[in-house]
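A quick write-up on the structure given underneath.
Read the numbers this way: they start at 1 and go in the same order the structure lists the ligands and their atoms.
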Amino acid sequence: MEKIKKLLSERKIKSRVKKLAQAISIDYQEKNLLLVCILKGAVVFLSDLLREITIPFDIDFVGLASYGSHTKTTGTVRLTKDLETDIKDRGVLIIEDIVDTGLTLDYLVKKLKEREPASLRICTLLNKPSRRQVKIRLDYIGFKIPNKFVVGYGMDYAGKYRNLPFVGHLPQSAR
Ligand code: IMP
Ligand code: MG
């Protein structure tokens with residue numbers, strides 16, 4: 001645990017999450033908002049974010065997996081759990097923990113667009129643009145971070161560290 005270096009403190013995250021929720025609450029008035037949370041990493045972000053949203057909304061979850069090792073994406077994404085909600089004509093906002101290569105979101109966006117939502121936008125806590133492989137529009141971003149493997153605040157390494165209240169860097173030596 002002592003190997004993890006803190007990148008974003010609880011306080012910093014909390015204040016940024018509140019700002020994002022305020023913007024969403026303004027932008028989605030009368031838009032029939034549905035928050036689509038990507039399991040599992042984004043659940044902590046979702047749970048803090050939704051408590052700061054002041055307009056009516058629904059939530060639903062999708063499971064996505066990419067083949068490959070824990071810290072590298074191979075590019076093949078598949079759906080492991082689909083939505084239960086019909087998203088046609090809804091204001092859909094995808095909630096993600098971190099966008100890295102962009103391949104996961106690219107796959108999900110294409111899949112959900114076929115179902116004809118009224119709008120489809122993305123809210124991510126973290127953006128790691130240096131390794132992007134596909135162009136993807138991010139509508140709400142918490143923080144831009146350097147090309148470092150991070151854990152905490154819902155994000156894991158091999159299932160560990162999700163419970164850390166802050167976002168930290170897990171160095172190569174600890175993996
Ligand atoms: P992408 O498809 O490369 O954009 O990867 C997105 C997914 O990979 C995220 O939803 C995370 O689950 C995972 N991921 C990417 N970078 C990190 C990281 O630094 N820490 C933990 N998970 C990460
Ligand atoms: Mg994820």
Within-cut-off N or O pair, Asp156 and ligand 1, under 3.5 Å: no

Candidates Asp60, Thr85, Asn32 - the one meeting side chain to side chain donor-acceptor pair (under 3.5 Å) with Arg90: Asn32

Atom NZ of Lys81 with >12 non-hydrogen neighbours under 6.0 angstrom: yes

Region of Lys148 engaging ligand 1 - heavy atom pairs below 4.0 Å: backbone

Show me the donor-acceptor pairs within less than 3.5 Å that the side chains of residues 22-29 make with the rest of the protein, sequence neighbours left out.
| from | atom 1 | to | atom 2 | distance (Å) |
| --- | --- | --- | --- | --- |
| Ser25 | OG | Ala21 | O | 2.7 |
| Ser25 | OG | Thr54 | N | 3.1 |
| Ser25 | OG | Thr54 | OG1 | 3.4 |
| Asp27 | OD2 | Tyr140 | OH | 2.5 |

Heteroatom distance test (Phe149, ligand 1): nitrogen or oxygen, under 3.5 angstrom: no

Arg132 (side chain) donor-acceptor with Asp100 (main chain) under 3.5 angstrom: yes

N or O contact, Val151 vs ligand 1, cut-off under 3.5 Å: no

Passing candidate, side-chain contact (heavy atoms from CB on, under 4.5 Å) with Tyr161, options Ile4, Val167, Val150: Ile4

Distance filter under 4.0 Å to Glu96 heavy atoms, resulting ligand 1 atoms: 9 (C), 10 (O)

Pair Tyr153-Asp48, side-chain donor/acceptor within less than 3.5 Å: yes

Which of the ligand 1 atoms, numbered from 1, are nearer than 4.0 Å to a heavy atom of Val150: 18 (C), 19 (O), 20 (N), 21 (C)

Which of the ligand 1 atoms, numbered from 1, are nearer than 4.0 Å to a heavy atom of Thr104: 1 (P), 2 (O), 5 (O), 6 (C)

Proximal atoms of ligand 1 relative to Asp97 (non-hydrogen, under 4.0 Å): 9 (C), 10 (O), 11 (C), 12 (O)

With sequence neighbours excluded, residues passing salt bridge (charged side-chain N to carboxylate O under 4.0 Å, His left out) with Asp82: Arg115

Heavy-atom gap Gly41 to ligand 1 smaller than 4.0 Å: no

Sub-4.0 Å heavy-atom approach of Gln133 to ligand 1: no

